[in-house]
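A quick write-up on the structure given underneath.
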Amino acid sequence: MSTAPTGRVDTIMLIHGLWMTPRSWEHWARRYRALGFRVLTPAWPGMEAEVETLRADPAPIAGLTLGRIIDHYAALVRELPNPPLIMGHSFGGLISQVLLDRGLGGAVVAIAPASVKGVFRLPVSTLRSAYPVLRNPANRHKAVPITADEFRYAFGNTISREESDRAWQRYAVPAAGHVLFEGAFANLDARSPATVDNGRDDRAPLLLIAGGNDHVSPPQLVRSNATLYRRSRAITDYQEFPERSHFTVGEPGWEAVADRALDWAVEMATTRSPAIVGDAPRW
């Protein structure tokens with residue numbers, strides 16, 4: 001990978017997803033910093049502590065809402081001198097799309113994203129992955145842990161059981177139940193914070209990345225998300241990496257995904273402007 005900071009394109013913001021913390025980006029952040037980028041990996045509000053601390057006391061997670069998280073990142077982006085490249089994984093990919101809709105970011109990459117409002121058919125594997133939280137309405141107000149077996153199905157299905165258990169131990173924290181309920185039932189909420197104006201022509205470019213063996217955000221779900229933007233003349237790209245799971249940012253071969261995300265984002269941010277429209281969505 002030869003991409004390096006260029007002019008005003010010098011900052012990358014990485015947004016983690018549900019059941020994760022900024023630690024999940026450790027490989028990507030190290031790789032991007034070695035190229036000279038300023039890399040920011042802010043936590044969801046209240047989740048700044050280490051994985052081990054949040055596991056021992058998940059109380060800061062329990063009260064989180066999607067709107068609060070989005071506003072938190074929007075405020076951080078607005079403090080920066082130049083629009084950053086924004087990359088989000090899983091629910092971080094949903095958050096990234098809402099930030100894009102708010103006019104934030106020079107280019108946005110949503111990796112295995114949770115879907116914005118408007119995607120109506122959820123695959124069985126997505127529902128199974130979310131079942132540990134959604135099975136009990138009382139979990140809406142709780143921080144819900146994920147077991148090693150549940151992690152294996154949702155994140156570690158393309159790696160060995162031993163590797164999956166190590167990843168669960170290093171990265172997994174309880175999930176904010178309210179956030180998952182908001183995402184799952186966004187289409188029933190007229191004021192859902194997962195709402196975007198997917199017909200906007202004046203937004204920055206967007207790339208949606210799917211993993212071929214992802215149980216949480218399988219390709220059909222990410223393609224459905226991409227299809228929502230067909231009314232827009234702004235750039236929307238879709239790319240699928242075969243054989244990759246929802247743990248694509250950390251499983252072996254993550255470098256290929258990280259490099260593609262960065263190369264695309266830098267190219268779009270340096271050669272395209274939100275004011276330049278006319279490119280049909282490409283997928």
Side-chain angles (χ1 to χ4, degrees), residues 1-4 12-37 39-41 43 50-52 55 85-94 96 108-114 123 125-126 128-130 132 145-173 175 207-223 237-266:
M1 180 176 63
S2 58
T3 300
I12 302 169
M13 180 175 286
L14 303 174
I15 303 176
H16 67 87
L18 204 68
W19 281 301
M20 292 284 151
T21 74
R23 184 185 288 181
S24 64
W25 291 112
E26 60 183 345
H27 303 307
W28 291 45
R30 187 181 306 115
R31 190 170 184 83
Y32 291 166
R33 285 172 181 144
L35 291 168
F37 287 92
V39 182
L40 308 176
T41 59
E50 292 293 340
V51 167
E52 296 77 13
R55 281 184 161 187
L85 307 177
I86 300 176
M87 301 182 189
H89 173 246
S90 194
F91 259 86
L94 185 162
S96 298
V108 169
V109 181
I111 303 148
S125 66
T126 302
R128 178 177 170 183
S129 299
I146 185 171
T147 67
D149 287 342
E150 291 163 350
F151 185 91
R152 169 73 166 157
Y153 179 81
F155 288 85
N157 54 296
T158 59
I159 55 180
S160 71
R161 180 60 195 242
E162 183 181 7
E163 290 172 316
S164 178
D165 287 352
R166 283 200 302 265
W168 170 76
Q169 188 65 45
R170 177 154 183 78
Y171 299 112
V173 297
L207 170 63
L208 298 103
I209 293 178
N213 283 340
D214 190 333
H215 284 166
V216 179
S217 300
Q220 61 266 41
L221 186 69
V222 183
R223 284 195 299 267
D237 284 346
Y238 168 88
Q239 182 163 354
E240 186 174 321
F241 285 83
E243 310 302 324
R244 299 198 65 76
S245 74
H246 199 61
F247 189 49
T248 190
V249 300
E251 70 177 311
W254 61 266
E255 296 91 343
V257 185
D259 291 355
R260 173 55 179 158
L262 181 62
D263 291 344
W264 180 94
V266 170

Checklist entry - W168 ring centre to R55 NZ or CZ under 6.0 Å, with the angle to the axis within 45°? => result yes

Return the [atom1] to [atom2] distance between [X] and [Y], rounded to the nearest 0.5 Å.
| X | Y | atom1 | atom2 | result |
| --- | --- | --- | --- | --- |
| E251 | S245 | CD | OG | 3.5 Å |
| R152 | I159 | CZ | CD1 | 7.0 Å |
| F37 | L262 | CZ | CG | 4.5 Å |
| S125 | L221 | OG | CG | 8.5 Å |

Item to check | Residues that A261 engages under side chain to side chain contact (heavy atoms under 4.5 Å, CB included), provided they are two or more places apart | outcome: W28, Y32, M87, V109, I209

Checklist entry - Sequence neighbours excluded, which residues qualify as side chain to side chain contact (heavy atoms under 4.5 Å, CB included) partners of R23? => result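 R23 satisfies side chain to side chain contact (heavy atoms under 4.5 Å, CB included) with T21, E26, E50, V51, E52, R170, Y171 once adjacent residues are dropped.
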
Next on the checklist: For a quick test of reading the model, state the closest non-hydrogen atom pair linking F155 to L18 and the distance between them.
Outcome noted: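 Residues F155 and L18, closest heavy atoms: CZ-O, 4.1 Å.
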
Checklist entry - What heavy-atom pair brings A29 and T41 nearest, and what distance separates the two atoms? => result CB-CG2, 4.2 Å

Next on the checklist: Please check: side-chain N/O of T158 versus main-chain N/O of R244, any donor-acceptor pairing under 3.5 Å?
Outcome noted: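 No, T158 side chain to R244 backbone: no donor-acceptor pair under 3.5 Å.
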
Checklist entry - Donor-acceptor pair, N213 side chain versus N157 backbone, under 3.5 Å? => result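 Flag not set: sc N213 to bb N157 has no pair under 3.5 Å.
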
Next on the checklist: Surrounding CZ of R166 (heavy atoms of other residues, nucleotides or ligands, distance under 6.0 Å), is the total greater than 12?
Outcome noted: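 Atom CZ in R166 is packed in, count exceeds 12.
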
Checklist entry - Among all residues two or more places apart in sequence or in another chain, which pass the side chain to side chain donor-acceptor pair (under 3.5 Å) test with S90? => result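 Side chain to side chain donor-acceptor pair (under 3.5 Å) list for S90, sorted by chain: H246.
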
